[in-house]
Amino acid sequence: MAELQLREAIRAALVEEMDRDEDIFLMGEEVAEYNGAYKVSEGMCDRYGDRRVIDTPISECGFAGLGLGAAMDGLRPVIEFMTWNFAFVAFDQIINNAAKIRYMSGGQFSFPIVFRGPNGAAGQLAATHNTSVESIYSCFPGLKVISISNPDDAKGLLKSAIRDNDPVVFLESEFMYGMRGEVSDADDYIIPIGKARIAREGDAVTIIGHNKSYWRAMEAAEMLTSDGYEAEVIDPRTIRPFDWDTVITSVKKTNRCVIVDESNPFASLSSEIAFQIQSRSFDDLDAPVQRVTSKDTPAPYAKNLVEYYLPSAEDVYRACREVMYLD
Amino acid sequence: MAELQLREAIRAALVEEMDRDEDIFLMGEEVAEYNGAYKVSEGMCDRYGDRRVIDTPISECGFAGLGLGAAMDGLRPVIEFMTWNFAFVAFDQIINNAAKIRYMSGGQFSFPIVFRGPNGAAGQLAATHNTSVESIYSCFPGLKVISISNPDDAKGLLKSAIRDNDPVVFLESEFMYGMRGEVSDADDYIIPIGKARIAREGDAVTIIGHNKSYWRAMEAAEMLTSDGYEAEVIDPRTIRPFDWDTVITSVKKTNRCVIVDESNPFASLSSEIAFQIQSRSFDDLDAPVQRVTSKDTPAPYAKNLVEYYLPSAEDVYRACREVMYLD
Amino acid sequence: MAVKTKRAAATNGQTDVSFDIIETKSTFRSYPGDRFTHSDLGLSVADIGDIYRNMLLQRRFEERSAQMYGRQKIGGFLHLYIGQEAISTGSVYALQPGLDSVITAYRDHGIALAIGMSSNECMAELFGRVDGCSKGKGGSMHFFSKEKRMFGGHGIVGAHIPLAAGIAFAHKYRNDRGVVFCYLGDGAVWQGSFHEALNLASLYKLPVVYVIENNEYAMGTAVDRAAAETDLFKQGISYAMPGSLVDGMDVFSVCQAMRDHAALAREGQPSLVEVRTYRYRGHSMSDPGKYRTKEELEQKKNEDPILRLKSYIIENDLMKVEELDVLDIEVKAEVSASVTFADESPLSPLEAIYDDVYTQTDFPFLTK
Amino acid sequence: MAVKTKRAAATNGQTDVSFDIIETKSTFRSYPGDRFTHSDLGLSVADIGDIYRNMLLQRRFEERSAQMYGRQKIGGFLHLYIGQEAISTGSVYALQPGLDSVITAYRDHGIALAIGMSSNECMAELFGRVDGCSKGKGGSMHFFSKEKRMFGGHGIVGAHIPLAAGIAFAHKYRNDRGVVFCYLGDGAVWQGSFHEALNLASLYKLPVVYVIENNEYAMGTAVDRAAAETDLFKQGISYAMPGSLVDGMDVFSVCQAMRDHAALAREGQPSLVEVRTYRYRGHSMSDPGKYRTKEELEQKKNEDPILRLKSYIIENDLMKVEELDVLDIEVKAEVSASVTFADESPLSPLEAIYDDVYTQTDFPFLTK
Ligand SMILES: Cc1ncc(C[n+]2csc(CCOP(=O)(O)OP(=O)(O)O)c2C)c(N)n1
Ligand SMILES: Cc1ncc(C[n+]2csc(CCOP(=O)(O)OP(=O)(O)O)c2C)c(N)n1
Ligand SMILES: [Mg+2]
Ligand SMILES: [Mg+2]
């Protein structure tokens, strides 16, 4: 096991895959000469040259579409969005082309493409630079959506995403790029898409959290341990397809569930999880499913407001105690 | 009461408001000389001239943004998207500009703008021309979202939307433009944003449906009547803000709920309604909240597949019987 | 493009001051009608017969599908290409089958038939049947053929323009010397995707030819009501792309232009071609076409690319009228057979709704 | 733009055929540096003092905010305008305060201070306090002032370009003779929104001047690595828009050009101005700037618009060095005061997070 930063784990996945398969290329703003806005692709242009690591103008719609065209003809593009906020100008390409053309062509053309970049809160950048997009892309059949919380998952899942023959939305985090963690050095380490990870076992409550929210879930679980309760923490890792079995099995054991998600609340992933839980384990629930999300407002700039805006471990802890009827 | 087609009711709202307020203008593809792709704006260019009823090139991002700029400076644009499918190329303008600039400017600038057009299924047009967008736009604080199911609501709510000082996403339907219905001819008929309509009272089950799905809900209610049960049917009319009180009150009475929504299921409006119901009336529910949606796939072209794809009254009826434990 | 600078005098509010004048010059090619003969293009009489037959096939196929639409055998939108057949056929004659790629918008029947997709699979698609080129999942706007390198059939205006750059990128990446012809309407020029894709194509030197089929209208909007600059070929200046203007009613002009541009693309120089043409039918089946006069329509019908080629063939004694009539009969028979084929092709089973969403065959869809 | 057609000979694979050549000519204006004197522009000595002070205020304000960023008084991104001050000040001197409108991207401190927003409200915004120009909700990238008709501060590259067309639309609709200056970076040209908005502006004859602040880089990407055509002023051709090229290191050149273009706009003719400038600092605070050489940077510093104006003032005996020093002291004091002001301004109460989302004050937010 090597200890890597999240950005290094992502890079390791890219490099292993690009070494293996000549059809893979990386494209995006500042990925080549600048070595990546967040240094994910550091050194990759040197290694592969500008044929395979390609800087673009600020034309997200154009280069997302270019990637899709290349994928339609058999290449395997990895398209980096500097952040997912900037992909809204390419939204039509992802929704109407990536997700739907395979279907409309009766399965003739497929899209072995990965769109990746940091998602969600990134500090005091205000409303346009802090959107969480997992729920929005997961709405659309035709896409797969992955959101990672640590270097090991990042490596194993990005390798899977790159090999997958369907379009994958791969969500990282500015805040976590520098985070270190053990990464398997198994040969060709692959984590299958669609499998959640039980990060911690327990029977008192099920807490579900992905990406940064996973860490809030873990912190809350620690706090509950001090109170004498063991929470089960699940990192879904893949948002679409979602691993319902793992979640439902857990809820059948704990009989209560708290979801942590940095998204705005309305019609989000947490809503869907609540729907599924009440639908699949109605009689097992001892309390309503609760969620801890960002506030139902745009993200502010001021530091104190940003802290208030985002889900905190405290919030999660309180929600757990609430569904456990402790307060 | 006059009987009007849905398109006529929308036009009546536009004309009454434009007569009243010189700052309102209508802009979109084919709205002027062609009299509207779906003839909603028939005769309006003749009435107001090309200063106030304005044809555009096929530049949704451009003219959505133009409308937003005009709204920032105090005009009251009504922007027609030929269909909401085509607004994905303007997604960034709606999400990052319409929904967030007011917040980022500390409330200095507001956006008295309506984006309107037909939403959802429109028959055999295949995947890119059949997307239901209510859930996606409702995610975003800063927007209001209205979806109408009949001429009366169309008129009363569009007039409210035009007078509202916040940006409104107003969802109509190609399939319903020709639908006739009684429309109040009260002077200056206004329906407030954010109030659901109880279309039918009953105590056996609550069925929630908006836009075309409202009609599926009503048909299913009829079928239940034949079985001897009275369903309560609620048309939410406004999706954001949602009228939770009306829904929760109803569910507390019926103890079961079926949601009909043409959207794809994942993280959609139906998920959110289920979340809220289990959260706010957990102890009142006798059965899991059920939903009837479009299939979790892109929309197909073939007629038989399209019929299978969409929620039918039969599907709703079956779901109701299921939550009533009749089968 | 040359840039010259010279001093000029001008007046502002306060006093006489002088700025400089920068003059830029751009040159474009124009391929007018009636300029090129079949022998200029090195086409044999057999080729001419093929070309004529191909254009006629598109015409008859669409006339028949309009009829079938009336009988509700076909649903959704049906956008007819009638009047524009010289573009599809002329340009397909300029490309290397099997190597080169084409992609277009929703008005796609012409290109599909020109590139060699069968009437059967096309008509079955319109009927929404399993034997359709897209298994009945795409319909009129979404004809695809991987085999023929026909990358669709796209319904969102402008959305396929970046895809074309990507297909060209793939050709270049593999270094296979293939090129892409990307067709788009005059209305699609005003989507931002056009701007972004053309800049990328030029920046990366991608082997693509963008072909604007300027049929004078986007739905009911005449070009000069949508375009601040109505000479659409000039758009190339912004991307340092060579451009041409072509008479789209003359199949030889189109073919010559597209050969020249394909050659440029094969050398790594993307370019832009504006082809002036006309659509005889409404935008789609529901369009009454009130935005143009009967006179305009009648006048344009005199330029009909099929009649024009017919006259050329007769005037130059290349084929006899009877020979052409035989072609007409053949084509009609082919189209009739395609209707029978489509009508007999089975409907998809309902469970097929879940197929073709993902390559992954065991993808767990939400069922409630 | 004139179009000439002439016959040309060319060779294709088969035989000699000839297409025609279309030549198009476009003319642009160039406003070089050191061309215009203050008296050409009708500026008094007092004006010159104001202009100098205004540029200096921007410079010192930003130097100070960089320092405060280092002390973590300021968070998020901080994009400094240092080096580009001749554009903000020069162009604001060309507009009618209170009537005309400005809008820009995220590098917005310069325009904000030039148009008369106070150092206090700007610094307080950077500090995220209630007295900030956006109540601490926008931060560095989102300065707004309704009073000054400063429409922001926008963080999504290119997204404000259509807004500018809309503000111009409002001016025209109200017939108030106001115009809009819309500033954008060289990198923003390659967003589709640019293309769509400029066409709309030209089609509707909106009173707007689009000003490309070409500072040679978009983050680490030099213009020629992003633009197939690096003369950005030529983009106007696609929209039949007049265009100019301006030396952005000379405040008089900028002012003259913007006056001329504002006059065009006031007559209903939108236009495009490329101003060549340079940013001395990194793209934002975290950028080490490895994409350019020290030599390049040093050389460009010789063109510093503030030093240049200073030399001009001294050489022409308009003001004494001591007078300029007084201005410097005043400006420093103003900036220092703004830091104190910002530091003393209260934090927003947490419940204020729900304010300003909607005009509707009783909007029911989801709380769980
Ligand atoms: C983004 C988008 N906006 C609007 C439409 C609706 N629409 C379909 S075709 C069309 C006109 C296109 O005209 P043009 O590009 O000239 O092609 P033509 O129909 O003449 O072949 C419009 C507005 C669409 N499909 N996509
Ligand atoms: C749509 C979008 N894509 C990417 C970014 C990230 N980004 C912010 S500034 C910038 C460079 C812009 O350069 P330019 O337009 O030249 O302006 P300058 O920074 O030189 O003032 C980029 C890529 C963004 N904010 N929005
Ligand atoms: Mg057209
Ligand atoms: Mg720049």
### Task
For the residue pair C:Ser193 and B:Val89, establish whether any side-chain heavy-atom pair is separated by less than 4.5 Å.
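Answer no - side chains too far apart.
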Could you have a look at [options] and say which one has the most heavy-atom pairs with chain B under 4.5 angstrom?
options	result
C:Val157, C:Val189, C:Ile156	C:Ile156
C:Tyr291, C:Tyr354, C:Phe127	C:Tyr354
C:Gly76, C:Gly128, C:Gly75	C:Gly75
C:Ala218, C:Gly158, C:Gly139	C:Gly139

Contact part of [X] toward chain C, heavy-atom cut-off under 4.5 Å: side chain, backbone, both or neither?
X	value
B:Phe63	neither
B:Glu60	both
B:Tyr34	side chain

How long is the straight-line distance from [atom2] of [Y] back to [atom1] of [X], given to the nearest 0.5 Å?
X	Y	atom1	atom2	value
B:Lys295	C:Thr367	NZ	OG1	10.0 Å
B:Gln124	C:Leu78	CD	CG	11.5 Å
C:Lys290	B:Asn35	NZ	CG	7.0 Å

### Donor-acceptor contact present, side-chain B:Tyr301 to main-chain C:Ser140, <3.5 Å
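Not confirmed, B:Tyr301 side chain does not pair with C:Ser140 backbone.
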#### Entry: Check: C:Gly220 main-chain N/O paired with B:Glu33 side-chain donor or acceptor under 3.5 Å
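A pair under 3.5 Å: no.
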Closest approach of [X] to [Y] (non-hydrogen atoms, all atoms of both residues):
X	Y	result
C:Thr221	B:Glu30	OG1-OE2, 2.8 Å
C:Pro349	B:Leu305	O-CD2, 3.7 Å
B:Pro57	C:Ala226	CG-O, 3.4 Å
B:Asp296	C:Leu366	OD2-N, 2.8 Å
B:Asn304	C:Ser348	ND2-O, 2.8 Å
C:Gly138	B:Ala126	O-CB, 3.5 Å

### Message
Surrounding CD of C:Gln360 (heavy atoms of other residues, nucleotides or ligands, distance under 6.0 Å), is the total greater than 12?
### Response
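For C:Gln360, atom CD is crowded (more than 12 foreign heavy atoms under 6.0 Å).
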### Message
Looking at B:Asp50, I'd like to know if its CG atom is crowded, meaning that more than 12 non-hydrogen atoms belonging to other residues, nucleotides or ligands lie closer than 6.0 Å.
### Response
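Result for CG/B:Asp50: open.
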### Task
Report the residues that fulfil salt bridge (charged side-chain N to carboxylate O under 4.0 Å, His left out) with C:Glu213, sequence neighbours left out, ordered by chain and then residue number.
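Salt bridge (charged side-chain N to carboxylate O under 4.0 Å, His left out) check on C:Glu213 returns nothing, list empty.
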Where on [X] is there a heavy atom nearer than 4.5 Å to chain B: the side chain, the backbone, both, or neither?
X	result
C:Met141	side chain
C:Phe365	both
C:Asp356	neither
C:Lys137	both

Could you pull out all donor-acceptor pairs under 3.5 Å where a side-chain atom in residues 80-88 of chain B meets a protein atom, sequence neighbours excluded?
unit_1  : atom_1 : unit_2   : atom_2 : d
B:Glu80 : OE1    : B:Arg116 : NH1    : 2.9
B:Glu80 : OE1    : B:Arg116 : NH2    : 3.2
B:Thr83 : OG1    : B:Asn85  : N      : 3.1
B:Thr83 : OG1    : B:Asn85  : ND2    : 2.9
B:Trp84 : NE1    : B:Gly117 : O      : 3.0
B:Trp84 : NE1    : B:Phe170 : O      : 3.3
B:Asn85 : OD1    : B:Asn130 : N      : 3.2
B:Asn85 : OD1    : B:Thr131 : N      : 2.9
B:Asn85 : OD1    : B:Thr131 : OG1    : 3.4
B:Asn85 : ND2    : B:His129 : O      : 3.3

### Task
Give the member of B:Ala127, B:Ser270, B:Ala299, B:Ser59 that has the highest number of heavy-atom pairs under 4.5 Å with chain C.
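Most heavy-atom pairs under 4.5 Å with chain C: B:Ser59.
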